[in-house]
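Reviewing the structure listed below.
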Amino acid sequence: MPYVRSTKEILEKASKEGYAVGAFNFNNLEFLQAILAAAEEEKAPVIVATSEGAIKYIGRGNIEAGAKLAVEMVKTLAEKVSVPVALHLDHGRDFNIIMAAIRAGYSSVMIDASHLPFEENLKETKRIVEIAHAVGIAVEAELGKLKGIEDNVVERESVLVDPEEARVFVKETSVDFLAPAIGTSHGAFKFKGEPVLDFERLKKVKENTGIPLVLHGASMVPQDMVELAKQYGAELSGAKGVPEDMLKKAIELGINKINIDTDLRITFVAYMRKVFAENKSEIDPRKIFDPVFVKVKEIVKERMRIFGSSGKA
Ligand code: TD4
Ligand code: CA
Ligand code: ZN
């Protein structure tokens, strides 16, 4: 099915029916193909996302070219599957990149001005919403900051989303989706001790806003994958992600979009290492990639089942 014009189409259904749609990051054709093959096999709606860095990478440094090629790749491949596919700009900070994505035909953009003071974040978000809505696409914004694992408790408290601010922010900006910081962070090292997410805060944000919420930094960092990578020489001590029961609880409390990048990266790296180690004289990149991307596809399928989006297309 077709590339969806606005990510809103996908997330409004998820919100009504109480499940979450995975937003999976890609930087090249093979990752994108693996994600879409997983979606097709699971009959799951899917969001594929590029960071600003991904757009630069795809465009070999040229932003306009990168955004355009990303759209072209996604549209071409979306025509060949039966599930709805949206393309999203993840963590847009640079106005020029956000505009390039909108012009190129993305289904939604994130304006990440969460590092700015509340009023400025609100103003920036409102400006992007006006432009994006004029062309019929959706906008995601962020409140609070994704924590670093070194933050102490006092700092942590101050960087998490304020539910009262969320109410005002959504009303004033008309933003379509909101990413509330509730204790996750990007990457493979999310928690120093036990994983903790602020579910009370999430619940209040949902009550105060009523719109689809987004969980960033949601990779599970499966320990078997970490062990596999380590077995073949990776240095990943202390790698830890969000447990499955916490993801499910977050979905129950109103998360409808879940961002996953690290789980794909770690699966890719673990199996690349394994394939290299086991096939020392193989020099055909296709023979190296094929078994690796089967594993990337499998991890995407697993996530779709956990998020409840399987069978929802
Ligand atoms: O928003 N994301 C994905 C972040 C992608 C970063 O890409 P660059 O390296 O190009 O900047 C997430 O929330 C993913 O969270 P995860 O838990 O998978 O790290
Ligand atoms: Ca941010
Ligand atoms: Zn993120």
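Note that the coordinates shown come from a computational prediction; the quantities given were computed from them, not determined experimentally. As the structure lists them, so they are numbered: ligands from 1, and atoms in each ligand from 1.
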Region of [X] that comes within reach of ligand 1 [heavy atoms, distance under 4.0 Å]:
| X | result |
| --- | --- |
| Asp90 | side chain |
| Asn25 | side chain |
| Arg265 | side chain |
| Ser219 | both |

Would you say [X] has any N or O atom under 3.5 Å from an N or O of ligand 1, going by distance alone?
| X | answer |
| --- | --- |
| Asn259 | yes |
| Asp263 | no |
| Ala218 | yes |
| Ile260 | no |

Heavy-atom gap Met110 to ligand 1 smaller than 4.0 Å: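 Flag not set, Met110 not near ligand 1.
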
Close approach of Glu52 to ligand 1, heavy atoms, under 4.0 angstrom: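 Under 4.0 Å: no for Glu52.
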
Check against salt bridge (Lys or Arg N to Asp or Glu O under 4.0 Å), Arg127 and Glu124: CA-CA 5 Å; Arg127 174 161 84 123; Glu124 270 302 294; 3.4 Å; yes

Evaluation steps, side chain to side chain contact (heavy atoms under 4.5 Å, CB included), between Glu302 and Met220: CA-CA 11 Å; Glu302 248 181 55; Met220 292 171 63; over 6 Å; no

Which of the ligand 1 atoms, numbered from 1, are nearer than 4.0 Å to a heavy atom of His216: 1 (O), 13 (O)

Element-labelled atoms of ligand 1 that are located less than 4.0 Å from some non-hydrogen atom of His91: 1 (O)

Over-ring placement of Lys249 relative to Phe199, 6.0 Å and 45° cut-offs: yes

Side chain Ser107, main chain Leu87, donor-acceptor under 3.5 Å: yes

Flag, side chain of Lys295 to backbone of Pro291, donor-acceptor distance under 3.5 Å: no

Derivation and outcome, side chain to side chain contact (heavy atoms under 4.5 Å, CB included), residues Tyr106 and Thr50: CA-CA 10 Å; Tyr106 274 57; Thr50 60; 2.8 Å; yes

Heteroatom of His216 nearest to the Zn ion (ligand 3) (N, O or S, atom name):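 Going by distance to the Zn ion (ligand 3), the closest N, O or S atom in His216 is ND1.
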
Glu142, N/O/S atom nearest the Ca ion (ligand 2): OE1

Geometric class of the Phe31/Phe268 ring pair [parallel <30°, tilted 30-60°, perpendicular >60°]: tilted

